[in-house]
Q: 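Shown below is the structure under consideration.
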Amino acid sequence: MTISQETARRRTFAIISHPDAGKTTLTEKLLLFAGAIQIAGSVKARKASRHATSDWMEIEKQRGISVASSVMQIEYRDCIINLLDTPGHQDFSEDTYRVLTAVDAALMVIDAANGVEAQTLRLLEVCRARNTPILTFVNKMDREVRPPLDLLDEIERALRMTTIPFTWPIGMGRNFHGVYDLRSDSMRVFHPGADRLINNDEIIKGLDNSEILLRFGDSYVCAQQEIELIRGASSVFDQTDFLAGLQTPVFFGSAINNFGVQEILDALVDLAPSPQSRRAIQREVKSDEQKFSGVVFKIQANMNPSHRDRIAFVRICSGKFERGMTLRVVRSNKDIRPGSVVSFLSQRRELLDVAHPGDIIGIPNHGTLQLGDTLTEGENLQFTGLPFFAPEIFQTVELMDPMRSKQLKLGLLQLGEEGAIQVFRPYTGGALLLGAVGALQFEVVAHRLKYEYGVESRLVSAKYQMARWITADDPDELKRFLDKNAHRVAYDAVDAPTFLASFPAELSVAQENWGSIRFHRLREHAGLVFQTHLNE
């Protein structure tokens, strides 16, 4: 196949939601329906022998939460689907934001009992800023939930998008009987599912079918009236508006019971876009160009703890990747020839020889690659939009065993490189300082230091409350600022100078006294491209 034909087969999307909406469960079931796994993991049971395929860290298995994004490639209906499961907890939103820069569409999961929740709104703002097309799955219809018409109204008001129901629920909770497919005029009857796929779906054709009325009574009469209402009042689905992020197709179901998953999987193939052009600073890069280009959007340490590995996750933006080809790391202007590149099914990996636009590949990394790096066949390109947010909480690390200082330094270096935590080196020397957006990040870092690096540590609150990256047009003026404020300055993982403040007044005074210095809340990548509209 040509590059254009291979690109047209790809679908690359992320699953996003508020915590506990059922996102990881839906991820498992999509893998199950696509035939990638034969039995779905137990997401909730803390002592279960099985765990979600996408939850591979030890802490994820123990607590039943996702704390790191994972990548899974599956094949379905002659399409290659690259599925990225993201953390739902807001403390890990940085990881989620970076993943959203690597996808062409998003699948939003909503808890039918709770509706649109806070973290959903934050993630949708990121999607909207990039005009990312969004499909919506309303989950947990097998429980007592809110009326579906109310949910549609809230989605439209909160997300400022037109909802287009593709399926409609027949009842809810104990009286949940199935979903009606508005496009095929047929009802899929609900039977509680299991962890295995059972191909015995019962389909009944026609909205006015007397058999449905006799079996499901009042629930069906109510749904029938709602379907007639939305058919008369809803907008017609428009692919152009969907791709522009103005419309969202809506599906109802129960992921834990394998119900409504088939419709979502088919919709991803039928509706979601193939890889699109991507904007670099220098120009727009079209996905079907012959020359390879890609961007590092994630680095993960210790996916295989016994090998102490580090993997750089690269989204291919254009061209064809072939194992052993020479690639230029644009930031450092160094060439690499990766020979053991892998594809993913969460922590399970397979060596690959060829990959195409939209695919996510893993390149073993020993410090050569950083988050935000662009790889090309020689062209000077820099893809934009990979965010790092200024930390709001700071802690220092106290070692329980001073003999493990070397392991501590290595662990913090690698965890800082992957973005699990932000690590700062004080300008005047001394203990490393850890910065995070959310408190749960520190808990995960302490856990990973212990189990992945053998380091027992205690995290202690630091005096700082905010950080701002600093730049200046005049290098001498920047050096003078650093020297004068040495006790409040540190360098981050890519040696970007950072001003640390213990309270807001300190930051305000520094800004007033140093008009030539710019203070930034957000850093984009190692090349220090800052979002100037976020300057203070």
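We're numbering straight along the sequence, starting at 1. It should be emphasised that the depicted structure is a prediction, and the values quoted were computed from it without experimental measurement.
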Q: For Val109, does its backbone N or O pair with a side-chain atom of Lys23 as donor and acceptor, under 3.5 Å?
A: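 Not confirmed, Lys23 side chain does not pair with Val109 backbone.
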
Q: Quick check: closest heavy atoms across Leu271 and Gln239, and the distance to 0.1 Å?
A: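 Nearest pair, atom of Leu271 first, then Gln239: O-NE2, 2.9 Å.
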
Q: Looking only at heavy atoms, which two atoms of Ile203 and Ser186 are closest? And how far apart?
A: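 Minimum heavy-atom separation between Ile203 and Ser186: CG2-CB, 3.8 Å.
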
Q: Any chance the side chains of Thr2 and Ser4 put a donor and an acceptor closer than 3.5 Å?
A: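 On atom types as modelled, these side chains do not qualify, holding no pair under 3.5 Å.
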
Q: Will you find, in the side chains of Glu350 and Ser343, an N or O donor that is under 3.5 Å from an N or O acceptor?
A: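 The criterion, which ignores hydrogens and geometry beyond distance, is not satisfied for Ser343 and Glu350.
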
Q: Within the structure provided, determine whether Arg448 and Leu415 are in side-chain contact (heavy-atom separation under 4.5 Å).
A: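 Side-chain contact under 4.5 Å: yes.
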
Q: Is any side-chain heavy atom of Ile155 less than 4.5 Å from a side-chain heavy atom of Ile110?
A: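 Yes, their side chains come closer than 4.5 Å.
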
Q: Does any non-hydrogen side-chain atom of Phe176 lie less than 4.5 Å from one of Val179?
A: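 Yes. Closest side-chain heavy atoms under 4.5 Å.
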
Q: Between the side chain of Asn257 and the main-chain N/O of Phe259, is any donor-acceptor distance below 3.5 Å?
A: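 The answer is no, because no donor-acceptor pair under 3.5 Å joins these two groups.
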
Q: Give a yes or no on whether the backbone of Gly178 and the side-chain of Arg188 come within a donor-acceptor separation of less than 3.5 Å.
A: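 Such a contact is absent between Arg188 side chain and Gly178 backbone.
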
Q: Do other residues, nucleotides or ligands put more than 12 heavy atoms under 6.0 Å from the CZ atom of Arg146?
A: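 Above 12, so yes.
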
Q: Looking at Thr25, Asp142, Asn139, which one forms a side chain to side chain donor-acceptor pair (under 3.5 Å) with Ser254?
A: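 Checked Thr25, Asp142, Asn139 against Ser254; only one passes side chain to side chain donor-acceptor pair (under 3.5 Å): Asp142.
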
Q: Taking all atoms of both residues into account, what is the closest heavy-atom pair of Asp353 and Arg323, and its distance?
A: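 Looks like OD1-NH2, 2.6 Å.
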
Q: Donor-acceptor check, side chain of Glu263 to backbone of Thr167, threshold 3.5 angstrom: yes or no?
A: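 Side chain of Glu263 to backbone of Thr167, a donor-acceptor pair under 3.5 Å: no, none is there.
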
Q: Is there a donor-acceptor contact under 3.5 Å from the side chain of Arg11 to the main chain of Ala8?
A: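 Side chain of Arg11 to backbone of Ala8: a pair is present.
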
Q: Taking the side chain from Thr12 and the backbone from Gly358, do they hold a donor-acceptor pair closer than 3.5 Å?
A: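 Yes, because the side chain of Thr12 sits within donor-acceptor range (under 3.5 Å) of the backbone of Gly358.
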
Q: Would you name the heavy atoms of Pro357 and Gly319 that are closest together and state the gap between them?
A: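 Result for this residue pair: CD-O, 3.0 Å.
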
Q: Is any side-chain heavy atom of Phe297 closer than 4.5 Å to one of Val99?
A: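 They are in side-chain contact.
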
Q: Can you confirm whether Glu379 sits close enough to Gln282 that some side-chain heavy atom of one is under 4.5 Å from a side-chain heavy atom of the other?
A: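 They are not in side-chain contact.
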
Q: Evaluate Leu246 against Met161 for side-chain contact (heavy atoms from CB on, under 4.5 Å), listing each step before the verdict.
A: CA-CA 5 Å; Leu246 301 176; Met161 302 171 69; over 6 Å; no

Q: Distance only, no hydrogens: is a donor on one side chain within 3.5 Å (strictly under) of an acceptor on the other, for Ser287 and Thr7?
A: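 Absent: no donor and acceptor within the cut-off.
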
Q: Using modelled atom types and a 3.5 Å cut-off, is there a donor and acceptor pairing between side-chain atoms of Arg337 and backbone atoms of Met325?
A: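 No, because the side chain of Arg337 does not come within donor-acceptor range (under 3.5 Å) of the backbone of Met325.
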
Q: Could you check whether the rings of Phe166 and Phe251 sit parallel, tilted or perpendicular, using 30° and 60° as the cut-offs?
A: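 The rings of Phe166 and Phe251 sit tilted, inter-plane angle from 30° to 60°.
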
Q: Applying side-chain contact (heavy atoms from CB on, under 4.5 Å), run through Ile360 and Val314 and close with a yes or a no.
A: CA-CA 6 Å; Ile360 309 297; Val314 178; over 6 Å; no

Q: Could you tell me whether Arg10 and Asp104 make a salt bridge, using a distance below 4.0 angstrom between a side-chain N and a carboxylate O?
A: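 Judged by the 4.0 Å cut-off on N to carboxylate O distance, Arg10 and Asp104 do not form a salt bridge.
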
Q: Between Glu75 and Arg9, does any side-chain N to carboxylate O distance fall below 4.0 Å?
A: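 Here Glu75 pairs with Arg9 in a salt bridge, since their nearest N and O are under 4.0 Å apart.
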
Q: Apply the test side-chain contact (heavy atoms from CB on, under 4.5 Å) to residues Phe292 and Ile3: give CA-CA distance (whole Å), side-chain angles for both, the deciding distance (0.1 Å), then the verdict.
A: CA-CA 11 Å; Phe292 173 91; Ile3 291 177; over 6 Å; no

Q: So how far is it from Thr368 OG1 to Leu327 CG, rounded to the nearest 0.5 Å?
A: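 That separation rounds to 12.0 Å.
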
Q: Starting at CG of Leu151, measure out to OG1 of Thr136 and round the result to the nearest 0.5 Å.
A: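 Rounded to the nearest 0.5 Å, the CG-OG1 separation comes to 11.0 Å.
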
Q: About how many Å separate CG of Leu26 and CD1 of Ile264, when rounded to the nearest 0.5 Å?
A: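 Interatomic distance, Ile264 CD1 to Leu26 CG, rounded to 0.5 Å: 7.0 Å.
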
Q: Measure from the side-chain N and O atoms of Thr374 to the backbone N and O of Phe383, and report whether any donor-acceptor pair falls under 3.5 Å.
A: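 It does hold such a pair.
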
Q: For Ile361 and Ala355, which heavy atoms make the closest approach, and how far apart are they?
A: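 Heavy atoms of Ile361 and Ala355 come nearest at CG2-CB, 3.6 Å.
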
Q: State, to 0.1 Å, how close Met108 and Leu159 come at their nearest heavy-atom pair, and which atoms those are.
A: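 Heavy atoms of Met108 and Leu159 come nearest at CE-CD1, 3.3 Å.
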
Q: Can you tell me how far CG of Leu375 sits from CZ of Phe321, rounded to the nearest 0.5 angstrom?
A: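 That separation rounds to 9.5 Å.
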
Q: Any side-chain heavy-atom pair from Leu135 and Phe13 closer than 4.5 angstrom?
A: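 SC-SC contact between Leu135 and Phe13 ruled out.
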
Q: Measuring from Leu107:CG to Leu83:CG, what's the distance to the nearest 0.5 Å?
A: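 One gets 8.0 Å once the value is rounded to the nearest 0.5 Å.
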
Q: Hey, is the main chain of Leu369 close enough, under 3.5 Å, to the side chain of Asn365 for a donor-acceptor pair?
A: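 Such a contact is found between Asn365 side chain and Leu369 backbone.
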
Q: Do Val250 and Leu152 make a side-chain contact, defined as non-hydrogen atoms from C-beta onward lying under 4.5 Å apart?
A: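 Contact flag for Val250/Leu152 side chains = yes.
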
Q: Counting N and O atoms only, with roles assigned by atom type, does the side chain of Thr376 sit under 3.5 Å from a partner on the main chain of Ser293, one being a donor and the other an acceptor?
A: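 It does not hold such a pair.
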
Q: With rounding to the nearest 0.5 angstrom, report the CD1 to OG1 distance, Ile15 to Thr27.
A: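 So the gap between those two atoms works out to 3.0 Å.
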
Q: Scan side-chain atoms only and decide if Asp359 and Gln73 contain a donor-acceptor pair under the 3.5 Å cut-off.
A: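 Yes, side-chain donor-acceptor contact under 3.5 Å.
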
Q: List the steps and the verdict of side-chain contact (heavy atoms from CB on, under 4.5 Å) for Thr132 and Leu100.
A: CA-CA 9 Å; Thr132 304; Leu100 288 174; 5.9 Å; no

Q: Is the shortest side-chain heavy-atom distance between Arg315 and Arg278 below 4.5 Å?
A: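 The answer is yes, as the side chains (C-beta and beyond) meet within the 4.5 Å cut-off.
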
Q: Could you please spell out the steps behind the side-chain hydrogen bond (donor to acceptor under 3.5 Å, both in side chains) verdict for Gln247 and Thr162?
A: CA-CA 5 Å; Gln247 286 187 354; Thr162 302; 5.5 Å; no

Q: Considering only NZ, NE, NH1 and NH2 on the basic side and carboxylate oxygens on the acidic side, decide whether Glu6 and Lys320 come within less than 4.0 Å.
A: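 Looking at Glu6 and Lys320, the cut-off is not met.
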
Q: Check this for me, if you would: do Arg283 and Glu289 make a salt bridge, where the nitrogen-to-carboxylate-oxygen distance has to be below 4.0 angstrom?
A: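 Yes, charged N to carboxylate O under 4.0 Å.
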
